[in-house]
K.L.:
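Can you read through this structure? Questions will come right after.
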Amino acid sequence: MPPSDISPASSGKDALAANIRATRPPTVVLSPENREHLRRFPRPPRDNGIGLHFHLDLRDEFIKQTVERLQSINATWTLIYAQDAQQARRAAKACWDVGVMPVLRPGKLIDEPFDPVPYVKALQEIGAPPYVQVHNEPEDVREWRAGRPPPGWDRIFGQSWASLAVKVFDAGGYPGIQVLDRPGFDAAVDAIKAMGREDVWQRAVFIHHNYGANHPPDYPYDERNQKDNPGQTILEDYNATLRFLAHAAWMQERLGFVLPIIGGEGGWLFGSENDRRYPKVDEELHALYHAEMFNWLRTGVLANGEPLPDYLFSITAWIVSSWTFGGQNWWDNPLSPQGKLTATIEAVAAIPRFERRFSWDEPDASPAEPEEDSPPPPDEPDAERPSQTPPLAWDPRLDELGVRLERTNKRPAWRLISAQYQDPTESGGRHHVDFIALDADGRPAAGVRFLRDWKGRLPNQEPAYAVTDEQGKANIPLWVNFNPDKKDGLEFATAADEPGDTVFGMGLPMNRHVNFVLTYQWVDAPSQPPPPDPKEAEEPPMKTLSERLLAEADKRQVIQFNPDAALQKRIFADGFVPNSAEFTLEIEGKLYLAQRAEHLATGEVRVYYVREGDWGRVEFIRRD
């Protein structure tokens, strides 16, 4: 959309997202495998993709002020430039605590030795996904100790980036590569290949700086440039805010797939007038252009008419505020009569709240022209994958500690499928909640955020968070002591950003080091059941006690633990686990209490039952 067709006022209307449709095919077409790869990277809660670079001063007063400013424009991403890991940790924690994703950039020059691992650990300690950018703009003279790139700078950059990216990767982080032009990227790819560490690309991200000079948002596809350079695309001139399209083409050519592209810097510099064909970026254009750019993330359509690509995770403009680049500050701007870029701040803040949508968020989307012999569309019953709650493997020792499960009634959700206890002889001296996340198909799910909290937490205290790695694993230490005889454990755990089951009553029994291993699986919304078969509705009545017990038990296969009940005492004593609530049946005038149970090792299913009043005679029947 040309910039003249949109204004800060109109960009805030919900109708904008409904009316805009893609008119141009994507520059880079992603394979299903590439989309699945992108899907596994962590994003912030309520992610909208809007980002703004953090203040360069990381003293506490500026951290607090900057976080408030990010929140005022509903930003969910920021990049933090920090001279050391402790500064980085303080700023990142303040951001992550309010749901803003911090991406760290160590404040080191390219040919200046440093260790990126402390920055990875700083993010891991606060439970934030460890996105760490390694080096910055190797084409810029300011990024080298001599004040200029040395001969063979691209090779030097590539080798240094590769060695440090491997350290970030091996520490469990997501290494970020940042270049402005192609030579540095190619050199990094070559260096990684020479090291035999192509595995790094499985968790690497591209940090883009989509500065647009004074070009309009749809440059180079705008009318003026196409008149001067007919047919020119972003691959020929990427001096534009759409330059991430060119970066994606580089990656697909060299790697065979596209990495997540995350914002580091970008947008339009206030006062820019590089290209004399276009007007200077004054306050009005600065507001107009930035509002349109961030609206791409809401409407799903870029300024040149392409669909918003799945690989574009965020756009992070420059800059909240700083003492070095005052003329570019959104706040504390000495060149603005208001002392800040008021029009821009208000235009971005006026964008209606939304969440960034990806192709995998649209299960009902289908091609406009399906190919022959294509599978049925998703709204046909045969195409739906049945969504059932997985069975639960519950360690009976948890009941002795007073640990209990509370199921969520929401779908989709993270459902607990296994809860195991490691006592002091099994824990290896650790004292953690270990999380394992599986996707709907049972594969490890990376980027899932869990929390550990406790009852009675004060307002000035914070819960702990952890994000799963490529193996779907994460952990959070336990600290609170409790008395297992009183079953008064205070700590509980659940999914942080989506609905999920909650496990209550954990902690350190009599201050002993133990672990709780919780496995969660993503369960989609249940499918609409087909209408009942009339023939099935005419099944002959079941007359025997065994038939009635088995049928009722299957209907009620949910979890409800009551260790003091007669049935459950017998169930646990036999080495079984209850997997239905207790239920009653009246047979020939006699009332029975019954419950379904399963042996976790053998899979044997039993229905335990007892006649009302005869609580000492618990019996069971087996399912064949």
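Starting from 1, each residue takes its place in the sequence as its number.
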K.L.:
Any side-chain to backbone donor/acceptor pair from His431 onto Leu478? Under 3.5 Å, distance only.
P.N.:
yes
K.L.:
Are any side-chain N or O atoms of Asp434 and backbone N or O atoms of Asn475, one a donor and one an acceptor, separated by less than 3.5 Å?
P.N.:
no
K.L.:
Do any N or O atoms from the side chain of Trp161 and from the backbone of Gly176 form a donor-acceptor pair under 3.5 angstrom?
P.N.:
yes
K.L.:
Between CH2 of Trp414 and CG of Asp497, what distance do you get to the nearest 0.5 Å?
P.N.:
10.5 Å
K.L.:
To the closest 0.5 Å, what do you measure between CG (Asp439) and CH2 (Trp522)?
P.N.:
11.0 Å
K.L.:
So, applying side chain to side chain contact (heavy atoms under 4.5 Å, CB included) with Phe54, which one of Thr316, Leu79, Thr66, Val320 is it?
P.N.:
Thr66
K.L.:
Please tell me if the side chains of Trp331 and Ser72 come closer than 4.5 Å, counting only heavy atoms from C-beta onward.
P.N.:
yes
K.L.:
Students often mix this up, so state it plainly: with edges at 30° and 60°, are the rings of Phe41 and Phe313 parallel, tilted or perpendicular?
P.N.:
perpendicular
K.L.:
Please assess Phe450 against Tyr465 for the test ring pair (Phe, Tyr, Trp, His ring centres under 6.0 Å), listing each intermediate value before the final yes or no.
P.N.:
CA-CA 6 Å; Phe450 290 94; Tyr465 297 91; over 10 Å; no
K.L.:
For Arg298 and Pro352, indicate whether the former's side chain and the latter's backbone hold a donor-acceptor pair under 3.5 Å.
P.N.:
no
K.L.:
Look at the side chain of Asn515 and the backbone N and O of Gln422, then say whether any donor-acceptor pair between them is shorter than 3.5 Å.
P.N.:
no
K.L.:
Would you indicate whether the side-chain heavy atoms of His135 and Gln178 approach each other to under 4.5 Å?
P.N.:
no
K.L.:
What's the verdict on ring pair (Phe, Tyr, Trp, His ring centres under 6.0 Å) for Trp323 and Phe62, showing C-alpha distance, side-chain angles and the deciding distance?
P.N.:
CA-CA 11 Å; Trp323 307 129; Phe62 294 111; 5.4 Å; yes
K.L.:
Salt bridge (charged side-chain N to carboxylate O under 4.0 Å, His left out) between Glu125 and Lys121: does it pass, once the steps are laid out?
P.N.:
CA-CA 6 Å; Glu125 287 168 0; Lys121 292 182 177 179; over 6 Å; no
K.L.:
Between the main-chain N or O of Glu355 and the side-chain N or O of Asn48, is there a donor-acceptor pair closer than 3.5 Å?
P.N.:
no
K.L.:
Please name the pair of heavy atoms, one in Gly505 and one in Phe482, separated by the smallest distance, quoted to 0.1 Å.
P.N.:
O-CZ, 4.2 Å
K.L.:
Can you check whether Leu58 reaches Ile80 side chain to side chain, under 4.5 Å on heavy atoms?
P.N.:
yes
K.L.:
Taking atom CZ as the centre, does Arg443 end up with more than 12 heavy-atom neighbours from other residues, nucleotides or ligands that are less than 6.0 angstrom away?
P.N.:
yes
K.L.:
What pair of heavy atoms forms the shortest contact from Asp501 to Leu405, and how long is it?
P.N.:
CB-CD1, 3.8 Å
K.L.:
Grab the two heavy atoms, one from Ser322 and one from Asn329, that are nearest each other, plus how far apart they are.
P.N.:
O-ND2, 2.9 Å
K.L.:
Would Asp469 and Arg203 satisfy salt bridge (charged side-chain N to carboxylate O under 4.0 Å, His left out), going step by step from the backbone distance to the final call?
P.N.:
CA-CA 10 Å; Asp469 59 18; Arg203 210 160 58 234; over 6 Å; no
K.L.:
Checking Asp361 side chain against Phe358 main chain: does a donor-acceptor pair fall under 3.5 Å?
P.N.:
yes
K.L.:
Can you tell me which residue among His55, His209, His53 is in a ring-ring contact (aromatic ring centres under 6.0 Å, His included) with Trp318?
P.N.:
His53
K.L.:
Do the rings of Tyr421 and Phe516 sit parallel, tilted or perpendicular, given the 30° and 60° boundaries?
P.N.:
tilted
K.L.:
Whether the side chain of Asp488 engages the backbone of Asn483 through a donor-acceptor N/O pair (distance < 3.5 Å, no angle test) should be reported.
P.N.:
yes
K.L.:
Just checking Met195: does its CE atom have more than 12 heavy atoms from other residues, nucleotides or ligands closer to it than 6.0 angstrom?
P.N.:
yes
K.L.:
Is a side-chain donor or acceptor of Thr468 paired with a backbone partner of Gly447 at a separation under 3.5 angstrom?
P.N.:
yes
K.L.:
Under the salt bridge (charged side-chain N to carboxylate O under 4.0 Å, His left out) rule, what do Arg570 and Asp574 come out as? Steps first, then yes or no, please.
P.N.:
CA-CA 6 Å; Arg570 174 65 185 278; Asp574 290 352; 3.0 Å; yes
K.L.:
Judged by atom type as modelled, is there a donor-acceptor pair below 3.5 Å linking the side chain of Asp310 to the main-chain atoms of Ser359?
P.N.:
yes
K.L.:
Regarding Gln65 and Arg69, is there a side-chain donor-to-acceptor distance under 3.5 Å anywhere?
P.N.:
yes
